Amino acid sequence: MEDKEVKKLNKIEKELNNASKMHKSQADRIGKMTKESLQELTGLFEKLCAKGKAYRAKRMRAGEKSSAYLSGRAVKVCKGQMKGEGIDELDMSIQEVLDMNIIDENIIEAKYKGKTVQLNKPTRGDSKKFKVYVNTGKKNADGSIKVKKVNFGHGGTSAKRPTMRIRKSNPKRRKAFRARHRCDNPGPKTMARYWSCKKW
């Protein structure tokens, strides 16, 4: 073989060695990434403890939809990073009781977006059939009561077709409605379900 051919072969061999080293490092990197992602996935699908399951069930009964965010909070309850509200009510410290927002039921008027509104008094709505303004138990930056507008019922501008009569005088319909909306435990006043159940 001539010197030129030997040099050419040596050059090709060097390039192949470099390429194989590069591919090996890339393969190692990919393998490491897949191991990490598998560990993350196993962390996502870990079994919930009894407290976490109870927390998740309680939030879903209160009307919250099943989501990754809710599952994440349930995992935090299991790990002790977050307190499962209402699960161990006796475990609450005195400071937590003092820090709780207590809603004053005697307040009948408050400001909502600059206008004075009556609290806890359902009226005809705009986007839904009824609306009601409620005290959330929180405070605005200026120290005033934080008010939430709760829309409920079928009708208003949200209805795509003419609304039917609800016939709540029919005992069977009333019973079915109350069972469907879990009216035995209607949740807080800030939810539409509470007011729908109260109407029925």
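Please read all numbers here as calculations on a predicted model, not as lab measurements.
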Point to revise | Qualifying residue, where the test is side-chain contact (heavy atoms from CB on, under 4.5 Å) with Arg56 and the options are Lys53, Lys58, Met60 | key: Met60
Point to revise | Residues that Lys111 engages under side chain to side chain contact (heavy atoms under 4.5 Å, CB included), provided they are two or more places apart | key: Thr116
**Study point:** Asn151 versus Ala192, closest heavy-atom pair with distance
**Key:** O-CB, 3.6 Å
Check your understanding: Is the backbone of Gly187 close enough, under 3.5 Å, to the side chain of Arg182 for a donor and an acceptor to pair up by distance?
Key -> no
**Study point:** Spacing of CD belonging to Glu109 relative to NZ belonging to Lys121, to within rounding of 0.5 Å
**Key:** 10.0 Å
Review point. With sequence neighbours left out, what residues match Asp142 under side chain to side chain donor-acceptor pair (under 3.5 Å)?
Key: Ser144
Review point. If we only count heavy atoms from C-beta on, is the Arg73 to Glu64 side-chain gap below 4.5 Å?
Key: yes
Study note, to complete from the structure: When rounded to the nearest 0.5 Å, the distance separating CG of Leu70 from CZ of Arg59 is 8.0 Å
Quick one: side chains of residues 170-179, donor-acceptor pairs under 3.5 Å with protein atoms, not counting sequence neighbours, listed by atom name and distance.
from	atom 1	to	atom 2	distance (Å)
Asn170	OD1	Lys172	N	3.1
Arg174	NE	Trp200	O	2.7
Arg174	NH2	Trp200	O	2.7
Arg178	NH1	Cys197	O	3.0

Exercise for review: State which residues pass side chain to side chain contact (heavy atoms under 4.5 Å, CB included) with Ala110; sequence neighbours excluded, sorted by chain then number.
Suggested key: Leu119, Val147
Exercise for review: Taking Thr136 for its side chain and Lys146 for its backbone only, find out whether a donor-acceptor pair lies under 3.5 Å.
Suggested key: yes
Point to revise | Under the side chain to side chain contact (heavy atoms under 4.5 Å, CB included) test, residues paired with Thr123 that sit two or more places apart | key: Lys131
Exercise for review: Starting from Trp195, walk the hydrophobic network (Ile, Leu, Val, Met, Phe, Trp, Tyr; side-chain heavy atoms closer than 4.5 Å) and list everyone else you reach, by chain and number.
Suggested key: Phe130, Val132, Val134, Val150, Phe152, Tyr194
**Study point:** Over 12 non-hydrogen atoms of neighbours within 6.0 angstrom of NZ in Lys149
**Key:** yes
